[in-house]
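Scope of the values below: all heavy atoms of this structure, side chains included, with no hydrogens, waters or symmetry mates. Both counts, for ligands and for their atoms, begin at 1 and track the order of listing.
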Amino acid sequence: MMKILVSDPIHTEGIEILRKAGYEVHENFDLSKDQLKNIIKDYDAIIIRSKTKMTKEIIEAGINLKVIGRAGVGLDNVDKEFAETKGIKVINTPDVSTTSVAELVMGYIISIARHIPQATESLKKGEFEKEKFSGIELAGKTIGIIGTGRIGTAVAKRAKCFEMNVIGYDPYVKYSDTIKMVDFETLLKESDVITVHVPLTDITRHMISNDEIKKMKKGVILVNAARGGIIDEEAVKKGLEDETIGGIALDVFESEKPFRSVLTAYDNFVGTPHTGAQTEEAQKRAGIEVAKKVLEQLNKMKR
Ligand code: NAD
């Protein structure tokens, strides 16, 4: 009987799917590197999230391994290239968190526009400062979406419901039904809100830095729920101090483990600890989808 190791927790429905298909499934979390190296030879597939590190050494030890399934998007913890040279298929579930991240982004924008976190803090102190928390409406404002893939487009659809003008920049997308595509400069100059939804690459690292911030409208709201480092945090600090930037919302940071950010000290900072995909629905979807995709691969290899 083929064996599957689940080394980071996934939703129970995913586990059920694997067992019902007749596979022997072992859930074994918090394995040390050496423990994993010793047992991996017994398995045909491994399912991980972000914690388990599938390094060359571990992959080499997985002499029976056929599939590595990552529940979620990032493959930073998998040496995909090496795995593929060994004939091991690496799969992930990039679609499952789109709605969750897009909803979080809308939450950020409204939070900053209406000072919800700050007003809550103030109420908790027993204050009732109505004038201090005067905000702005989103209707009629322009949102600039950098990277108009899955999440960028999901944000665009939601922003339209708020009667915002939606513009976008993506060098690989010429036309979109939902978004008016513009060049990067136009997006920087015309947007009241700018949100980034690109992968972190050598090109996108610090794609929003001092020069770009200088071109933006005074009071712009910036959002990064993609990957830490796409927006330069030091440059945002300057922008907050000279009031070019009206608010910054981050789910992802240049330094997450250990967590450090120069921006948490600012009143108009709103943030979450990389919780974009942390919803019941996204986690369930990830567990089910990774299980189905791993089965599909194993079944192909059986034939
Ligand atoms: P996607 O691949 O569907 O879209 C990314 C888009 O970025 C593509 O359309 C691509 O053409 C565009 N792009 C690439 N380089 C660009 C550049 N230099 N300038 C402008 N556009 C560029 O990806 P997605 O599923 O929408 O995810 C977007 C981001 O969100 C990724 O960084 C992903 O890792 C991140 N994400 C974060 C969380 C979270 O927990 N916060 C969860 C899921 C995804």
List ligand 1 atoms under 4.0 Å from [X], heavy atoms only on the residue side.
| X | answer |
| --- | --- |
| Thr204 | 17 (C), 18 (N) |
| Gly276 | 39 (C), 40 (O), 41 (N) |
| Val101 | 38 (C), 42 (C), 43 (C) |
| Ala277 | 40 (O) |
| Met207 | 19 (N) |

Checklist entry - Any heavy atom of Ala225 sitting closer than 4.0 Å to ligand 1? => result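 Contact check Ala225 vs ligand 1: positive.
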Next on the checklist: Heavy atoms only: which of Ile203, Val196, Ile151 lies closest to atom 30 (O) of ligand 1?
Outcome noted: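 Ranked by closest heavy atom to atom 30 (O) of ligand 1, first place is Ile151.
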Checklist entry - Of the choices Thr98, Asp170, Val252, Asp95, which has the non-hydrogen atom that lies closest to atom 10 (C) of ligand 1? => result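 Checking each option, the heavy atom nearest atom 10 (C) of ligand 1 is found in Asp170.
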Checklist entry - Which residues pass the side-chain contact (heavy atoms from CB on, under 4.5 Å) test with Asp183, sequence neighbours left out? => result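 Partners of Asp183 by the side-chain contact (heavy atoms from CB on, under 4.5 Å) criterion, ordered by chain and then number, come out as Glu185, Thr186.
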[atom]: nearest protein contact (heavy atom, Å):
| atom | result |
| --- | --- |
| atom 23 (O) of ligand 1 | Arg150 NH2, 3.6 Å |
| atom 4 (O) of ligand 1 | Gly149 CA, 3.3 Å |
| atom 19 (N) of ligand 1 | Pro171 CD, 3.4 Å |
| atom 35 (C) of ligand 1 | Ala226 O, 3.5 Å |

Item to check | Region of Ser97 engaging ligand 1 - heavy atom pairs below 4.0 Å | outcome: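 It is the side chain that touches ligand 1; the backbone stays farther off.
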Checklist entry - Is Val198 touching ligand 1 with its side chain, its backbone, both, or neither, if touching means heavy atoms under 4.0 Å apart? => result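 Within the 4.0 Å criterion, Val198 contacts ligand 1 through backbone and side-chain atoms alike.
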Checklist entry - So do Ile143 and Phe162 actually touch side chain to side chain, heavy atoms under 4.5 Å? => result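 No. Closest side-chain heavy atoms not under 4.5 Å.
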Item to check | Candidates Val193, Ile179, Val105 - the one meeting side chain to side chain contact (heavy atoms under 4.5 Å, CB included) with Val155 | outcome: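 Single side chain to side chain contact (heavy atoms under 4.5 Å, CB included) partner of Val155 among Val193, Ile179, Val105: Val105.
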Next on the checklist: Tell me whether the count of non-hydrogen atoms from other residues, nucleotides or ligands lying under 6.0 Å of CD in Glu243 goes above 12.
Outcome noted: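 Atom CD in Glu243 is not packed in, count stays at 12 or less.
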